[in-house]
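Taking it in order: structure first as structure tokens, then the write-up.
The figures here come from the full heavy-atom set of this structure, side chains too, leaving out hydrogens, waters and symmetry mates.
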Amino acid sequence: MTISEIDALRATEHAVPGLDIDAVRTAAVALAEHLEPTPCWGAPALDEVTGCQVVLKHEEVQPTGAFKVRGGLNLLAGMTPEQRAAGVVSASTGNHGQSLAYASRRFGARCRIVMPEPANPTKVRALRGWGAELVLHGDTMEAAAEHACALAERDGARFVHPGNESALIAGVGTLYLEMLTAHPELDYLLVPVGGGSGASAACLVAAAVAPNCRVIAVQTHASPAAHDSWRTGELLARPNRTAIEGLAIGAGFATTQAVLRRHLSDFVLVDDDQVRAAQLLLLTHAHTLAEGAGAASLAGLLATSLPAGSKIGVVVTGGNASPSELGTVLAVQG
């Protein structure tokens, strides 16, 4: 897709109903009694490596270890008591599931999460700790999602799509509202993408709060569905081979793509090895433990040629790395 075609699409495409900056601000009010703002500060050692002024948003310190808890809480907060009693069902590689499990525990709802195998044992343990009923099914997110849909239909529960949910995106948007309110001077904001809830939320907030800030999405070459969907303007399925769990999505999502096509400035692809190297850099230069998806933003920054001295927002979306993943990261320096 050319720049002119993207501009034309932005000019003609309608906004997603119920998903705008007012929805994000409403979510911020709902979340205020459940979560505190996460730290957002500079990283001088990363400035030296990147040649830019880097600001890290530390979502790895959330109670579930990842940013998605914001979306889960916002969705459950908006459900009726009757809907909560029927329960929620979803598919996840871990962090989305944890967000629903945590929120369901807070609101007294039944929560079932379908995970593809093999599942990250750290995330399995956390899901069960928050009270979720765990179902292992299939070897891809797509197979797990189909099974979750079937369970929800059979039992009358609420199926929660990991991306096509306005309430999830609005909840996630609260992190960018915090970040861009504190740092409206940012030139660029880099956001990792699996299904695209984070990047679409970033786009909505940046357009309203910091219109001079350009949002750049980051995904891996091994699972480029969202990237390719954005580039072509069509919802596409692509091979889903990345080892980076939070980015392991094999198809573009309609709701998030609609927002990205209207507002996203650029979309870059990185290799899994570049993500692992970025994880190590965060550990050694920013005292930050990030899972793979949590380091993808930094990997994207290192893979691009942004103007020297630019002020860059880098979102560390999560820190739920398994022991085996950490072993792989530490081996990078060897």
Do any side-chain atoms of residues 203-213 form donor-acceptor pairs under 3.5 angstrom with protein atoms, and if so which ones, sequence neighbours left out?
none

Under a 4.0 Å N-O cut-off, is there an ion pair linking [X] with [Y]?
| X | Y | answer |
| --- | --- | --- |
| Arg241 | Asp272 | no |
| Asp266 | Arg231 | yes |
| Asp187 | Lys311 | no |
| Glu325 | Arg276 | yes |

(message) Clusters formed by hydrophobic residues whose side-chain heavy atoms approach within less than 4.5 Å: which one holds Leu298, and what are its other members?
(response) Leu46, Val49, Val54, Leu56, Tyr188, Leu190, Ile216, Val218, Ile244, Leu247, Val268, Val270, Val275, Leu281, Leu282, Leu301, Leu302, Leu306, Ile312, Val314, Val316
Minimum heavy-atom distance [X]-[Y], with the two atoms named:
| X | Y | answer |
| --- | --- | --- |
| Gly198 | Val191 | C-CG1, 3.7 Å |
| Ser229 | Arg261 | O-NH2, 3.6 Å |
| Val61 | Pro39 | CG2-CD, 3.7 Å |

Sub-3.5 Å donor-acceptor pair from the side chain of [X] to the main-chain atoms of [Y], do we have one?
| X | Y | result |
| --- | --- | --- |
| Thr174 | Ala170 | no |
| Gln219 | His227 | yes |
| Gln257 | Gly252 | no |
| Asp155 | Ala157 | no |
| Asn74 | Ala167 | yes |
| Ser104 | Ala101 | no |
| Glu153 | Cys149 | no |

So, [X] and [Y]: side-chain donor and acceptor under 3.5 Å apart, yes or no?
| X | Y | result |
| --- | --- | --- |
| Asn120 | Glu291 | no |
| Ser92 | Ser90 | no |
| Glu59 | Thr38 | yes |
| Ser223 | Asn240 | yes |

(request) Under the ring pair (Phe, Tyr, Trp, His ring centres under 6.0 Å) rule, what do Phe107 and His34 come out as? Steps first, then yes or no, please. (result) CA-CA 11 Å; Phe107 287 99; His34 301 286; 5.4 Å; yes
Can you confirm whether [X] sits close enough to [Y] that some side-chain heavy atom of one is under 4.5 Å from a side-chain heavy atom of the other?
| X | Y | answer |
| --- | --- | --- |
| Arg262 | Val259 | no |
| Leu35 | Gln62 | yes |
| Met141 | Thr93 | yes |
| Gln98 | Asn320 | yes |
| His58 | Trp41 | yes |
| Glu117 | Asp139 | no |
| Val160 | Arg158 | yes |
| Leu168 | Arg70 | no |

(request) For the residue pair His137 and His147, categorise the inter-ring angle as parallel (less than 30°), tilted (30 to 60°) or perpendicular (more than 60°). (result) parallel
(message) Please verify the inter-ring angle class for Phe267 with Trp230; under 30° counts as parallel, over 60° as perpendicular, anything in between as tilted.
(response) tilted
Tell me whether [Y] is reachable from [X] by hopping between hydrophobic residues (I, L, V, M, F, W, Y) whose side-chain heavy atoms are closer than 4.5 Å.
| X | Y | result |
| --- | --- | --- |
| Val69 | Leu127 | yes |
| Val55 | Leu189 | yes |
| Phe67 | Trp130 | no |
| Leu260 | Leu235 | no |
| Leu75 | Leu19 | no |

(request) Would you please indicate yes or no on a ring centroid separation below 6.0 angstrom for Tyr176 and His183? (result) no
(message) Other residues, nucleotides and ligands only: do more than 12 of their heavy atoms fall within 6.0 Å of CD on Glu185?
(response) yes
(message) How long is the straight-line distance from CE of Met179 back to SG of Cys40, given to the nearest 0.5 Å?
(response) 4.5 Å
(request) Could you walk me through whether Val124 and Met115 pass the side chain to side chain contact (heavy atoms under 4.5 Å, CB included) test, one step at a time? (result) CA-CA 9 Å; Val124 167; Met115 296 183 76; 4.0 Å; yes
